[in-house]
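Within every chain, numbering begins at 1; the chains are lettered A, B, ... in the order of the sequence lines, protein sequences first and strands thereafter.
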Amino acid sequence: MSDSSIVILVGGEAGQGLVTIGQLMAKALVRAGYEVAVTQAYESRIRGGHNTFAIRTGLEIHHAPTEQVDVLVALDATTVALHKGQLAPGGIVLAGEGLKTAGLNALRIPFKQLAPKAMFENVVALGVLAAVLCEDITHLEELLRASFGKKGQAVVDENIIVLRAAHAWVRTQNYRFPCMPPAPANPAERLLLTGNDAAALGALAAGCNFCSFYPMTPGSSVAMTLADKAKIMGTIVEQAEDEIAAANMAIGAVCAGGRAIVPTSGGGFALMVEAVSLAGMLETPVVFLVAMRPGPATGLPTRTEQADLNLVLYAGHGEFPRAVFSPGSVEECFHLTYRAFEMAEKHQSPVFVLTDQYLADSLQNVTPFDLERLPEIPAPLLAPSDPKNYKRFAFTDDGLSPRAIPGYSEALVISDSDEHTEDGKLTENLDIRVKMVAKRLQKGLGLAGDTVPPSYYGEDAAGVLLVCWGSTLGAALEARERLEEQGKSAAVLHFAQVWPLVEDQFLPMLEAAGRVVCVEGNATGQLARLLRQESGFRITDMVLRFDGLPITAAYILRGLESIL
Amino acid sequence: MVSVEDYGQFETAWCPGCGNHALLAAMKGALAGLGLAPHQVLVATGIGQAAKSPLYMNCNMITGLHGRGLPAATGVKLANPDLTVIAESGDGCNYGEGGNHFLAALRRNVDITLIVHDNGIYGLTKGQASPTTAKGQVTKSQPFGQPSEAFNPVAVAVAMGAGFVARGFTGEPEHLVDLIQQAIRHKGFSLVDVFQPCVTFNKVNTFAWYKQRCRKIGAEHDPNDRDKALALALEFGDSIPIGVLARGERAVFGTDLPTLKAGPLARRGVDREALEKVLRSYQ
């Protein structure tokens with residue numbers, strides 16, 4: 001694929017409206033038919049500081065973060081100072097007249113002249129940006145109508161007048177920046193979603209009707225999205241008193257017939273660990289979504305990292321099966337969250353969706369999901385066949401006992417966190433203990449049988465194999481393309497599910513490759529260690545990033561320079 | 001007709017003479033007396049000797065993690081409002097490990113009943129002070145006397161405007177059955193803090209100690225008078241009032257929530273049309 005993307009970076013202080021500008025522009029570009037991938041970076045504060053909203057767009061793009069910027073929309077002086085070094089040759093700065101842009105290819109915007117009041121400055125910026133890209137403003141007008149509609153026609157009209165004036169003003173200016181390639185004539189309908197939006201929608205599609213959570217960036221927005229849609233979807237969303245309550249509440253709700261998700265981030269998830277073990281013991285199909293951020297402790301609260309694989313993999317005392325999904329794109333956030341519910345119900349085990357701040361907040365265009373083609377998710381039993389003799393933990397060949405919901409028949413559903421008999425009651429019979437451990441672990445074989453194999457991109461037995469998981473997929477694919485352009489043979493192996501691992505699904509690829517390099521957003525190579533543990537294959541070459549920023553193709557290529 | 005026999009008879013792991021036996025009998029009597037069949041009831045507990053209670057009667061149950069009976073009970077009740085949901089556990093579980101959940105339950109006012117086996121000591125871990133152990137009481141882990149003030153659960157509940165707050169004593173079994181029944185019938189969160197002496201580890205708050213002090217609240221007390229209720233709740237000395245301390249009408253959690261109107265979660269499917277509409281909102 002030929003990447004003809006351009007990158008627009010909107011920068012400013014928190015509270016200046018840069019996200020509003022970015023979101024409206026991204027949405028307008030998607031409606032016009034362009035591809036869009038957004039990277040958001042922000043600080044842990046409500047006002048001030050320095051935040052950015054970077055839109056990568058074009059007819060064909062890699063859905064991955066980048067370092068180069070083509071259009072720098074600077075809402076403050078800091079943005080110019082911090083990002084002018086990233087400007088690509090020919091890149092342009094769009095900045096207010098008050099900001100210093102000497103020596104830069106800049107278009108200075110007379111905000112005072114174009115915005116009758118300060119509140120219209122964002123609309124001015126949008127109009128100017130659209131004009132510089134040679135985009136017409138039909139879609140932006142539509143979007144302004146939708147967002148200001150509730151405030152009345154007068155407000156809508158005022159905004160549209162300002163937008164048009166700003167757009168027209170650009171036409172009178174001399175500046176150098178090439179137009180975007182023309183958009184396709186009749187673009188197909190697409191959605192513009194963040195990873196967290198997509199995960200929330202995947203949960204809803206899977207019949208999730210309960211979400212208990214305690215707010216923590218960057219996981220909270222899954223709960224916020226579910227709350228936002230609760231009126232139409234009927235989802236019960238309860239903000240718990242703490243993460244421990246959130247996890248235990250979800251387990252209670254699932255035992256009583258709900259389908260629950262608990263979204264959080266590393267520190268919050270650490271508090272839920274005992275409840276994860278409870279879900280393992282009670283064989284409760286509950287889904288945890290962990291959006292990673294850099295630790296330890298509070299770490300870098302609003303940045304990105306992939307350092308909680310070990311935590312999620314081993315969370316919970318004792319031994320019990322689980323599955324861990326690690327979506328590589330916004331689209332996968334939808335499908336793998338859906339699959340998390342499917343696997344949780346099918347194998348009566350806790351299942352995890354492991355994302356990170358970059359992916360959680362990254363807006364990407366996706367083709368509307370075909371709900372009809374989603375697989376059926378097994379439902380628990382309301383009326384077991386012989387209610388009087390119902391046993392929640394009956395021994396079976398595959399370790400799966402029919403899961404009844406209390407209150408719908410005369411069956412008594414007994415779930416004890418102690419080791420228990422088939423009917424669910426506490427036991428200290430050690431023979432039963434051994435059989436119960438075996439029963440629980442038996443379900444792990446079923447889970448492994450359903451493991452999503454890692455995706456391989458490139459020629460067989462490539463010279464360099466980039467191994468990655470989760471959100472680094474886009475950057476790895478872009479790096480592979482750059483390497484191929486340099487005449488090097490390169491491939492990517494991406495794990496969208498990191499547990500259970502099935503050796504046959506990845507070992508032949510590792511063995512066939514010339515050089516295997518693990519690309520991870522952490523400091524110790526957690527996936528590499530896991531692969532070695534599971535298959536004996538040792539990966540010694542790694543490109544690791546743990547400065548809080550997402551991995552880019554350029555970062556991978558720089559890392560490879562010292563390896564290859 | 002539901003009878004006490006429907007709730008079964010089981011061998012327990014409790015010490016002979018433990019107050020838990022009487023509380024278990026009171027629970028069965030109360031539930032049967034209300035005409036509730038075992039399958040209509042779910043008891044969620046934490047960890048401890050008290051938390052084993054539902055294992056010794058027929059009912060649905062989640063005997064979960066230490067301190068976490070209330071969140072599990074809350075999840076159950078939200079998922080299926082048709083179940084009678086009881087959270088039951090000890091003073092350590094509810095007021096120590098799960099203290100935050102206790103406060104949240106008082107605020108939330110979900111229609112569940114909390115029965116606390118309050119013996120002022122940790123029994124299962126062999127005799128450490130609990131949140132309701134009196135200041136100065138010597139225990140194996142507090143040889144110089146429990147250094148902190150005791151927690152007063154009923155006073156806290158009254159102060160937070162709980163709709164039903166009662167204190168019972170296993171030495172008054174019929175009175176206790178009545179309190180549990182009133183608590184279950186109450187719409188909203190209800191608390192019954194029950195004195196049940198630990199015969200092995202609490203040498204201070206013995207059966208005789210409670211018997212001497214507990215006096216039933218008379219008809220002259222108006223539980224709707226919160227100031228008087230608070231005064232009674234704070235009485236803990238030579239005389240300890242038992243009975244209904246406070247009552248009040250508060251909106252039950254979820255009565256105004258559109259998301260609960262669609263009924264129990266187990267009977268809900270995915271509303272495809274609504275979901276398509278939600279998806280389209282992202283175009």
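Distance check, rounded to the nearest 0.5 Å: CE of B:M61 to CD1 of A:I414 gives 4.0 Å. Taking CG from B:L70 and CD from A:E241, the interatomic distance works out to 8.5 Å, rounded to the nearest 0.5 Å. Atoms CD1 and CD1, on A:I251 and B:I62 in that order, are 8.5 Å from each other to the nearest 0.5 Å.
Heavy atoms closer than 4.5 Å to chain A are found in both the backbone and the side chain of B:V76. The contact between A:V413 and chain B is made by backbone and side chain atoms together, counting heavy-atom distances below 4.5 Å. With a 4.5 angstrom heavy-atom cutoff, B:T45 does not touch chain A via any of its atoms. When heavy atoms are compared at a cutoff of 4.5 Å, B:A274 approaches chain A by way of both its backbone and its side chain. For A:A411, the part lying near chain B is the backbone, with the side chain staying farther off; criterion is any non-hydrogen pair under 4.5 Å. In this structure, chain B has a heavy atom under 4.5 Å from the backbone of A:R190, while its side chain stays farther away. Heavy atoms of A:S409 lying under 4.5 Å from chain B belong exclusively to its backbone. Contacts between A:P368 and chain B at a heavy-atom distance below 4.5 Å are absent for every atom of the residue. With a 4.5 angstrom heavy-atom cutoff, A:T225 touches chain B only via side-chain atoms.
Ranking A:V254, A:L282, A:L193, A:V30 against chain B, the residue ahead of the rest is A:L193, based on heavy-atom pairs under 4.5 Å.
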(request) Show your working on side-chain contact (heavy atoms from CB on, under 4.5 Å) between A:L371 and B:L279 and close with a plain yes or no. (result) CA-CA 10 Å; A:L371 301 178; B:L279 289 174; 4.0 Å; yes
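Contact detail for B:F10 and A:K425: the closest heavy-atom pair is CE2-NZ, 3.4 Å. Scanning all heavy atoms of the two residues, the minimum distance from A:S417 to B:I47 falls at OG-CD1, 3.7 Å. The shortest heavy-atom contact between B:A79 and A:A253 is CB-O, 3.5 Å.
Pairs of residues two or more places apart, or lying in two chains, that qualify as salt bridge (Lys or Arg N to Asp or Glu O under 4.0 Å) and include a residue from residues 53-68 of chain B are B:R68-B:E97.
Salt-bridge check for B:R280 with A:E189: failed, with every basic side-chain N at 4.0 Å or more from each acidic carboxylate O.
Within residues 228-239 of chain A, the residues having any heavy atom less than 4.5 Å from a heavy atom of chain B are, in residue-number order, A:K229, A:A230, A:I232, A:M233, A:G234, A:T235, A:I236, A:E238, A:Q239.
Listed by chain and residue number, A:E243 satisfy the side-chain contact (heavy atoms from CB on, under 4.5 Å) test with A:Y214 (two or more places apart in sequence, or in another chain). For the salt bridge (charged side-chain N to carboxylate O under 4.0 Å, His left out) test, residues two or more places apart in sequence or in another chain that qualify with A:R339 are A:E342.
Under the side-chain contact (heavy atoms from CB on, under 4.5 Å) test applied with A:L412, the options B:V41, B:L42, B:N60 reduce to a single match, B:N60.
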